Amino acid sequence: MAESAFQLVSEIGTQLGRQTRSGKDSLLKLLKQAANALSEIEQPSTSEAARKLEAIKNLEVSTKPLRKAIVHGLLQHKDKEVRLLVAICISEIFRVMAPEPPFEDKYLRDIFKLIVSIFAELADTASPHFSRRVKILETIARCKCCVIMLDIDCNDLVLETFNTFFSVVRENHQRSLINHIISIMTHIINEEASQTLLDVILRKLVKDGKGAPCASYQLAVSIIQNCAEKLEPFICGFLTNCILDRDAVENELKEFYHEIIFQIFQCAPQMLLAVIPNLTHELLTDQVDVRIKAVNLVGKLFALPKRHVAQHYRDLFLEFLKRFSDKSVEVRVSALQCVKAFYMASPFGTESHEVITALEDRLLDFDDKVRTQAVIVACDLARSNLKFVPPKLISQTSERLRDKKIIVRKKAFHKLIEVYRDYCNKCSEGHMTISDHFEQIPCKILMLCFDKDCKEFRSQNMELVLAEDLFPVLLSVAERTRHWIHLFSLFTPLHVKALNSVLSQKRRLQKEMQSYLALREKEKETSSEEMQKRIKTSFMKMAALFPDPSKAEDSFHKLNQMKDNNVFNSLALLLDELKIADAQTIRDKFLKTVGDRHPHFEFLSSLSSKCSHNIFGSEHIQCILEHLSDNRYGTKLLEASSAKLLLAIISIFPSLLRGSEAQLRMLIEENRKINDKLIEVLAKAAPHISVKLSDIYPILERVCREGSRIEAKFSVAAIAAFGGVSEQFIFSKLCKDLVVSLHAGQNIPTVLQSLGCVAQYSVSAFEAQDGEITSYIYEKIFRVDSSDNINSYNDASGCTSSCKLKIYGLKTLVKRFLPHRGTHARRQIDELLDILSNMLQKGDAFDGIITCENDKAHMRLAAAKSVLQLSRRWDLHISPEIFRFTILVAKDSSLFVRRLFLDKMHKLLKEHVIPSRYACAFALGTSDCPKDLQDDSFKYMAEFIKEYSREARIRQSSSVQGGAITDYPAYIVVFLIYFLAHDTGFPSENCPEEEIYAQFCSPLFNLLEALVNATVVDGDMDLVNDALLLLLSIFRAIKKAEDVVDARNTPRLHIIADFGFSFLKSLNHNDASSAHAPALILLPSSFFRAYSGCLNQSPFNDCFIKKPITALPKRGRKCQEDNTKLAIIESNTLYLASSEKVDLSTTEVETRKNMRQDITVGHRQKQGVSSESVRLRECSINHQHSASKKSKRVLEKEPLSSCDSVTRLSLAESHISVQTLERDALSLKENVRASSNVVSDPPKYSKAEAKDTCSLNESNNKSETLIGQRIKVLSPIDRCFYSAVVDGYNSQNNTHKITYDSGEVEVLSLESESWETISNSLLVEREVVLAESNSFQLQHRGLKGTIGTSGGAAATQQQKVLPSEECGKLSNRTDLLPAKVKRGRKASKDTSASEVINLHEDAVAKRTRRKKI
């Protein structure tokens, strides 16, 4: 067979060599025969050398004609089929004649070009010749003949071969074919590796490895893996050069070297052992872009699963960790982007824990971009593995909901919502149990309701979050209820407040919508203008509950114009439907009917959502009650939270309890520990459910006698809610039964509670038994010695049982005077106040009762709390002594009592249910207390100042409410000074040590410092200005008042006022403006009265007054100096009054000679106005003609002051009786008729003189001659002259423009000033007393303080009234509030208003001058 094949091959070769122009068919036929014949020939395999040589020689002879024909013609043939058969013959010749090349070197290049061209057709797998091409590939691979190309220096062909293989390889190629390609390429590289070939491989590695792995990429990986040893030097050299000096590398692949490292590390990591450590160099480079790329690369390397790269390259990992705190934001962000993959590769490794710690740190990064990225990464990490994500990470990520940047809060909000929904699904599927860490997410989200910076987080939008976004859409109501119950176990009062805010807004809109629909139906029958106003008002109310009120209101008006009744009918159905599922069905049908192309679809979608019960429905109530009935949780915490959730829902939506009444009643009958909450639920829902009082009364009556005190409280409330027309009879019966139980001694604490609550709901029912109940409390409870029950010490309350009983009895007595429903108790409270006074002083109701010290402390606390409760309605009856004893509890010997008292005070003040004057107790808590209590006192005081300051400003600026100076928190200084003056620890007059005075006055100093600290009011300097000016006026007013209770304490009042004034001056460094503090300060008449004696000199000199200030501890002083410095000089316009700057170094003692502050003391019964006249220097500011009208309106609307003693000033009261004037006037020397205006007596002018004085009618020529003159003007504050130039004169108002050497400009009436020309030293001093019979209104930028003034000229005792034209002139000069002048700008008119106080001597103008000459 072999011989015939040899012969056939030889013959065919000969024939092919002879045919010069043979046809294609004959040529193909011969080549096929040659290929078949060659395939039958095997390589010589004989072991004998001689035979083998002979066989090889025979092969050479036989194939020589064919080889000759191939190289001399067939290689250049153009036909593809011919070339294919030629290639087959060549491959077969290579096979049989291997290992020696069958062709001469000069022909091998063309031969390999032919073979490579055949390889290029391997991509066409559908070709009929594909198998033949594969055969050629297989033969060439087995023969390893491609390496011959290296021997003949055909490197370009080798390169072309590699490129060809990478281009033709396909995923659908058989593995054997790919293996042949790999074999050829591997042999070539192993024979002679080069950078050129490596570049071809790397190019395919990076370009084809970016997407899904393709065949060429896999081929490159295989080559690298097979030739790792040969390629490693080239790869390491290239990559190392790129890392250390990339710019010096001349290779286009240097731009992709990071990707090359990553790809090679995945397939042959051992090749990069010398390269990877060099990446540390890039992590430390100064080039940010290089560090970013290095971080991304290292992060991907560390994230490779099962490679443990971070462990093997520890130094590189440590440097990678440092990039989380890199100075570049972009680098830190890049590091964060690597966290998720890193953690998922090895979640339990030490390195993963370190990376998570770094992530947690970046949540607190100073850059918002980094914090945002940290939130994204943390949430994505949590979603990828909810079970194993660190709880701390979730907690810290949730904190970013409170981030200072809105963009971070928004991103955290959306990402955490996604995490929580995934968590809910996992819990529903049973893959996870409910976890507190994940339940904290909605807790934190709810707190966003208090975010005032972002509209998306307000309660209007939070409703949609709770209804549609928080839980997965398909999550069942039962599952949602489970989560809500667990949420309530984590809720704080703030969380409950936030949820109530959302639910309340929803409920208000639903109620208002129901009202609107009813109005709309009425409008169809009878339309009127009043009806339209009511509808418009309704729209305004509802629009306020939308994120964009103006847009919503416009949409409501367009809705009202719609004629389609189906829209309104659907909305009505939504409002009535209590089940979530049914409501959702109605809403979906409604929106489908409307269609998303409707112009108002978005609004109707939002409105229908708000009208639906989509947050809580009746299904939630049923689920909660079922949970309670089944006791599924088995824990008291979740049972309690279930009851709290139920109460929270029913408090807003009481109708949701319909249908579940029987289940609730059964739970109450079981007498559980949560009965108080269940009974409260019953009380809230009573008017909305179908339960008769007769059915539930026996249960409630039993609870009133046998339950706990809190249960009894809500039971009485429930009876009142169910009562209806029979309420009076039921309460009378209940009260009688309770009195019987009281005498029987059965559960007395609960019975007392029930009786007190009955007194609040039914005054008449309690009054029938009042005497019996009161006498029982007095005789059987109050007069019991604590020694009788010394063994019944109550560990929970800290006092004996008898003490607790006394406190319960006291509470019952107090509740008699605090009825609900606006009822007024017709009882005398004096007896109760006497008991409270005795308790506050002696710790018991009556004298002679033996009580231990601990019980006394608790009794004092109970009495103080009772006073606070009574102050809501009976503050007029609380004497200064009781007030003082109540405040004294803040300095009680028991720290426990101090703490509870201050906490209670803080709570009541925040709720605005007690007068603000009690807040002075906070100042007492700031000294002589443990640090924690001091800190809380400072905190409470700051919160009080901040909240009440802003509210006072709002009231003052409101034209509806009006307000008074007493609304400002600074006014509590009046009561603190009074308290300190009556303190038994007041230092004696002989005490020379300033430290003692400093310690004693420290409560006052702490309060003053807080009042003028801008940081307390968020930097609002206007509020600080208000406080400062009011404080200065208070100190001056107190200096001119005396103690009503004990006049001997008056010097103490004055001393403390001096200390306060000096302290303010020390804070302000003499920069304060005081010239125009409020001209009239109203002091409480039950505490102060006008000082009738002489203003004696202070027993201490100025130096001593200042010493206690320097002896103060430095708490907050530096902060005060840095943050505020009172900053009064920064604004020429103040809230309480506009003023210029004054040097406070002039003490009160000095200024007392030249001015006197007016004070008005009020009384409980309406009495006349204190008539000390206030005279005002002429002012160039135009007074608004409506001022008197505004004053009247404000005064009439001024609410009753908390101090119960402020005199009401009105226009009507400017006409008072002679007797009243004689009783109250401080400076009026002559009586006037009852119908006359109050006027000042000295100096006396005739009517004509008064007119002349008021108008200052002097020669214009004389006044104009002063223009250009240099003069000196006397300042009455520091009694110094200031040089100036007269720059102009206004003849209309007889004023001169004065420019001081300091640059300040004033417009003055020189007739009312003390001045002299510098040339002749002539001192010109004249007095001007302005008559003003009307009240003037102190008003500035939203602050209104009504001040009554009296003035005029009276030559006789008869009524003197200025002509109307003169009064008009005067009215234009009585406004204390000039227009605001920007700092640094020269004023063209007088920007201050000075006051003249009559002290029975010449009137002297008061104004500020600072620069002395």
Side-chain angles (χ1 to χ4, degrees), residues 909 916-917 919-920 922-923 926 938 940-957 963-977 1003-1038 1057 1059-1069 1071-1083 1116-1117 1119-1121 1123-1139 1141-1142 1144 1157 1202-1203 1338-1345 1377:
L909 285 170
S916 61
R917 60 172 174 158
C920 64
F922 294 146
T926 60
F938 276 109
Y940 293 162
M941 186 164 63
E943 290 178 3
F944 166 77
I945 292 171
K946 178 179 179 180
E947 183 175 357
Y948 277 65
S949 294
R950 293 179 176 177
E951 291 181 358
R953 175 195 289 179
I954 293 172
R955 284 196 296 271
Q956 295 285 8
S957 61
I965 290 177
T966 54
D967 294 331
Y968 279 78
Y971 196 78
I972 68 173
V973 170
V974 171
F975 303 99
L976 181 60
I977 291 176
L1004 175 63
F1005 297 153
N1006 290 334
L1007 176 58
L1008 294 176
E1009 190 171 22
L1011 286 168
V1012 296
N1013 189 344
T1015 58
V1016 172
V1017 289
D1018 297 335
D1020 192 334
M1021 291 307 304
D1022 292 325
L1023 291 177
V1024 174
N1025 298 348
D1026 294 351
L1028 176 66
L1029 294 178
L1030 181 55
L1031 289 170
L1032 296 174
S1033 298
I1034 287 172
F1035 293 142
R1036 288 201 296 265
I1038 291 177
F1059 282 141
F1061 188 89
S1062 180
F1063 181 78
L1064 284 182
K1065 183 177 66 175
S1066 71
L1067 288 180
N1068 195 37
H1069 302 288
D1071 288 337
S1073 299
S1074 65
H1076 294 291
L1080 186 64
I1081 291 297
L1082 309 176
L1083 298 180
R1117 181 65 54 84
C1119 176
Q1120 182 71 23
E1121 294 173 359
N1123 293 334
T1124 68
K1125 292 186 178 179
L1126 299 184
I1128 305 304
I1129 61 174
E1130 294 185 1
S1131 173
N1132 290 330
T1133 306
L1134 306 180
Y1135 268 47
L1136 291 174
S1138 177
S1139 65
K1141 304 160 191 170
V1142 64
L1144 291 184
Q1157 176 65 40
S1202 63
C1203 59
L1338 185 63
Q1339 176 179 352
H1340 183 64
R1341 284 169 52 184
L1343 176 66
K1344 300 177 182 177
L1377 302 169

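Positions are given from 1, in the same order as the sequence printed here. All values derive from a computational prediction rather than experimental measurement.
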Can you name the nearest heavy-atom pair linking [X] to [Y], along with the distance?
{"X": "Leu1030", "Y": "Ala970", "result": "CD2-CB, 3.9 Å"}
{"X": "Ala952", "Y": "Asp967", "result": "CB-O, 3.6 Å"}
{"X": "Val1017", "Y": "Lys946", "result": "CG1-CA, 4.1 Å"}
{"X": "Ala1014", "Y": "Met1021", "result": "CB-SD, 3.5 Å"}

[X] [atom1] to [Y] [atom2] distance, which is reported to the nearest 0.5 Å:
{"X": "Asn1013", "Y": "Asn1006", "atom1": "CG", "atom2": "CG", "value": "11.5 Å"}
{"X": "Leu1011", "Y": "Tyr968", "atom1": "CG", "atom2": "OH", "value": "12.5 Å"}
{"X": "Arg917", "Y": "Leu976", "atom1": "CZ", "atom2": "CG", "value": "13.5 Å"}
{"X": "Ile977", "Y": "Ile1038", "atom1": "CD1", "atom2": "CD1", "value": "3.5 Å"}
{"X": "Arg950", "Y": "Leu1023", "atom1": "CZ", "atom2": "CG", "value": "7.0 Å"}
{"X": "Ile972", "Y": "Ile945", "atom1": "CD1", "atom2": "CD1", "value": "6.5 Å"}

Practice prompt. May I ask you to decide if Ala923's main-chain N or O and Thr926's side chain share a donor-acceptor pair within less than 3.5 Å?
Written response: yes
Fill in: Geometric class of the Phe1005/Phe1063 ring pair [parallel <30°, tilted 30-60°, perpendicular >60°]
parallel
Item to complete: Return the orientation label for the Phe944 and Tyr948 ring planes: parallel under 30°, perpendicular over 60°, tilted otherwise.
Response: tilted
Fill in: Heavy-atom side-chain proximity of Leu1007 to Val973 below 4.5 angstrom
yes
Worksheet item: With ring centroids as reference points, do Phe922 and Tyr940 lie under 6.0 angstrom apart?
Response: yes
